[in-house]
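As structure tokens, the structure follows; a few thoughts come after it.
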Amino acid sequence: MKILLLGKTGQVGWELNRTLLTLGDLVALDYPEIDLASAESIRGVVRRVKPNLIINATAYTDVDKAESEPDLAMAINGTGPGILAEEAKRLDAALIHYSTDYVFDGTKGAPYTEEDEPNPINVYGETKLAGERAVQDVGGAYLIFRTSWVYSLRRPCFVTKVLKWAREQETLRIVDDQISSPTWARTLAEATAQVIAQGRGEPVAYLREKRGVYHLAGGGSCSRYEWAKAILELDPSRQKQSLKEILPARSLDFPTPAKRPMISLLNVDKIQKVFSLAIAGWEEGLRLLFDGS
Ligand SMILES: NC(=O)c1ccc[n+]([C@@H]2O[C@H](COP(=O)([O-])OP(=O)(O)OC[C@H]3O[C@@H](n4cnc5c(N)ncnc54)[C@H](OP(=O)(O)O)[C@@H]3O)[C@@H](O)[C@H]2O)c1
């Protein structure tokens with residue numbers, strides 16, 4: 001099986017690049033070898049590589065910047081995935097694509113299932129939803145994994161920011177009204193690999209049979225404040241922290257260009273049932289990150 005992985009240096013892509021090696025002949029690329037904002041670039045790469053399976057871990061992920069660059073965000077997150085899906089279908093290949101809890105408005109007050117109607121409240125969420133719909137409209141063999149609050153130590157993210165702030169400041173104020181589930185990039189990559197492995201060399205037929213949207217995130221839930229506290233407690237270099245106190249705050253206290261959904265927690269029952277996956281709690285992922293990275 002020939003696998004084309006896009007976004008190999010991103011948080012999820014980096015983990016996929018090492019996890020997928022045993023599953024087939026892996027071609028891993030990133031910008032500028034492929035530009036998701038260019039139909040010509042996408043078509044050129046896919047037609048040259050001729051994969052059986054495409055995994056798209058690329059995205060425009062800067063939620064605030066997307067507010068001032070909506071066209072670029074839409075090209076990468078909304079239009080590009082649709083072209084990838086068309087190219088996959090043309091080759092009779094399968095496509096695995098990632099999306100986000102930010103397709104929801106966060107007002108449900110309970111974990112979102114795959115049946116809940118998306119209603120994004122920022123540009124990033126709108127573009128990611130457009131990408132989902134473009135892939136679904138093509139209707140080939142696809143899986144869309146919606147995930148939330150992705151972290152790793154490889155690129156700037158909430159975890160690396162909290163560790164940095166704790167070494168520079170004595171007081172930290174973190175919002176406690178945004179609730180979701182932190183997801184270690186490696187957890188996502190490993191779950192993706194387990195799903196592919198279940199296809200036993202026939203990924204297209206298998207993924208076509210299972211095609212659809214799945215929620216895939218760390219188990220359980222927390223606020224950003226609780227997440228930050230857990231990060232600081234598990235920090236293996238705690239002695240380097242200058243922090244004396246961490247205080248809860250409200251999102252309203254920190255105005256940002258993009259609005260965030262308040263409770264965007266994803267219900268992960270479907271993926272666990274369909275693929276017999278056991279999803280570990282979010283704290284477990286954080287513990288493993290600090291133990292093993
Ligand atoms: N991060 C989160 O908290 C989060 C939450 C929910 C869902 N997700 C979704 O999970 C997936 C993986 O996210 P991640 O956190 O791993 O993202 P990431 O670390 O930001 O990586 C994104 C990758 O996409 C590449 N990229 C950006 N623009 C591109 C373009 N025009 N053409 C080709 N590649 C381009 C980036 O390359 P450069 O390094 O060159 O920019 C980078 O390698 C995405 O679908 C994202 O929407 C993420």
Side-chain angles (χ1 to χ4, degrees), residues 1-36 45-46 48-61 76 81 84 88 93-100 142-160 163 181-204 206-207 214 216-219 231 234 236 268 271-272 275-293:
M1 170 169 64
K2 194 164 193 185
I3 304 173
L4 173 60
L5 167 64
L6 306 176
K8 68 171 180 180
T9 62
Q11 296 195 89
V12 177
W14 193 89
E15 295 291 348
L16 283 166
N17 198 13
R18 56 207 285 282
T19 311
L20 297 174
L21 272 175
T22 55
L23 288 179
D25 174 11
L26 181 64
V27 178
L29 305 175
D30 212 317
Y31 183 85
E33 296 154 308
I34 183 163
D35 180 1
L36 259 282
V45 167
V46 178
R48 175 168 50 80
V49 176
K50 298 187 182 60
N52 308 102
L53 171 63
I54 301 172
I55 304 183
N56 179 31
T58 71
Y60 183 113
T61 51
I76 296 168
L84 263 185
L95 172 66
I96 295 181
H97 176 68
Y98 297 91
S99 189
T100 171
Y142 71 85
L143 296 184
I144 295 171
F145 292 146
R146 279 191 196 133
T147 189
S148 59
W149 291 6
V150 177
Y151 64 88
S152 68
L153 293 177
R154 312 231 152 244
R155 287 169 77 110
C157 63
F158 187 74
V159 171
T160 59
L163 292 173
S181 190
T183 309
W184 186 20
R186 188 170 299 171
T187 308
L188 269 177
E190 286 175 353
T192 303
Q194 282 180 39
V195 166
I196 297 167
Q198 289 179 19
R200 289 189 175 74
E202 295 287 342
V204 181
Y206 184 69
L207 298 191
Y214 294 87
L216 173 55
I231 293 164
L234 292 168
V268 292
I271 196 161
Q272 298 195 85
F275 296 106
S276 306
L277 292 183
I279 292 190
W282 67 269
E283 299 101 321
E284 184 59 17
L286 203 53
R287 228 170 267 127
L288 288 170
L289 169 92
F290 288 126
D291 282 353
S293 271

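All of these numbers come straight from a predicted model, not from anything done at the bench.
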Where is the tightest heavy-atom contact between [X] and [Y], given as atom of each residue plus distance?
| X | Y | answer |
| --- | --- | --- |
| Gly13 | Leu5 | O-CD2, 3.7 Å |
| Leu23 | Ala197 | CD2-CB, 4.1 Å |
| Met1 | Pro203 | SD-CG, 3.0 Å |
| Asn17 | Ala28 | OD1-CB, 3.4 Å |

Value rounded to 0.5 Å, distance of [atom1] in [X] from [atom2] in [Y]:
| X | Y | atom1 | atom2 | answer |
| --- | --- | --- | --- | --- |
| Trp149 | Thr183 | CH2 | OG1 | 10.0 Å |
| Ile34 | Arg48 | CD1 | CZ | 8.5 Å |
| Trp14 | Leu153 | CH2 | CG | 10.0 Å |

Mind checking whether [X] and [Y] have side chains closer than 4.5 Å, heavy atoms only?
| X | Y | value |
| --- | --- | --- |
| Leu286 | Ile231 | yes |
| Phe290 | Leu234 | yes |
| Ile144 | Tyr214 | no |
| Pro51 | Ile3 | no |
| Leu143 | Leu95 | no |
| Leu4 | Asn52 | no |
| Leu216 | Arg146 | no |

Are the side chain of [X] and the backbone of [Y] linked by a donor-acceptor contact shorter than 3.5 Å?
| X | Y | answer |
| --- | --- | --- |
| Lys2 | Val49 | yes |
| Ser99 | Phe145 | no |
| Ser181 | Ala217 | no |
| Gln198 | Phe275 | yes |

Go through the steps to decide whether Leu207 and Ile196 satisfy the test side-chain contact (heavy atoms from CB on, under 4.5 Å), and finish with yes or no. CA-CA 8 Å; Leu207 298 191; Ile196 297 167; 5.6 Å; no

side-chain contact (heavy atoms from CB on, under 4.5 Å) between Leu29 and Lys8, worked out: CA-CA 6 Å; Leu29 305 175; Lys8 68 171 180 180; 5.7 Å; no

Using the side chain to side chain donor-acceptor pair (under 3.5 Å) definition, which of the options Thr58, Thr192, Thr147, Asn56 pairs with Tyr98?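 In the set Thr58, Thr192, Thr147, Asn56, the residue that makes a side chain to side chain donor-acceptor pair (under 3.5 Å) with Tyr98 is Thr192.
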
How far apart are the C-alpha atoms of Val46 and Ile54, what are their side-chain angles, what is the distance that settles it, and do they pass the side-chain contact (heavy atoms from CB on, under 4.5 Å) test? CA-CA 9 Å; Val46 178; Ile54 301 172; 4.0 Å; yes

Tell me, with the steps shown, if Ile96 and Leu53 meet side-chain contact (heavy atoms from CB on, under 4.5 Å). CA-CA 8 Å; Ile96 295 181; Leu53 171 63; 4.1 Å; yes

No-hydrogen, no-angle side-chain donor-acceptor test under 3.5 Å, Gln11 and Tyr151: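 Absent: no donor and acceptor within the cut-off.
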
Not counting sequence neighbours, list each pair that qualifies as a side-chain hydrogen bond (donor to acceptor under 3.5 Å, both in side chains) and has a residue in residues 19-34. Thr9-Asp30

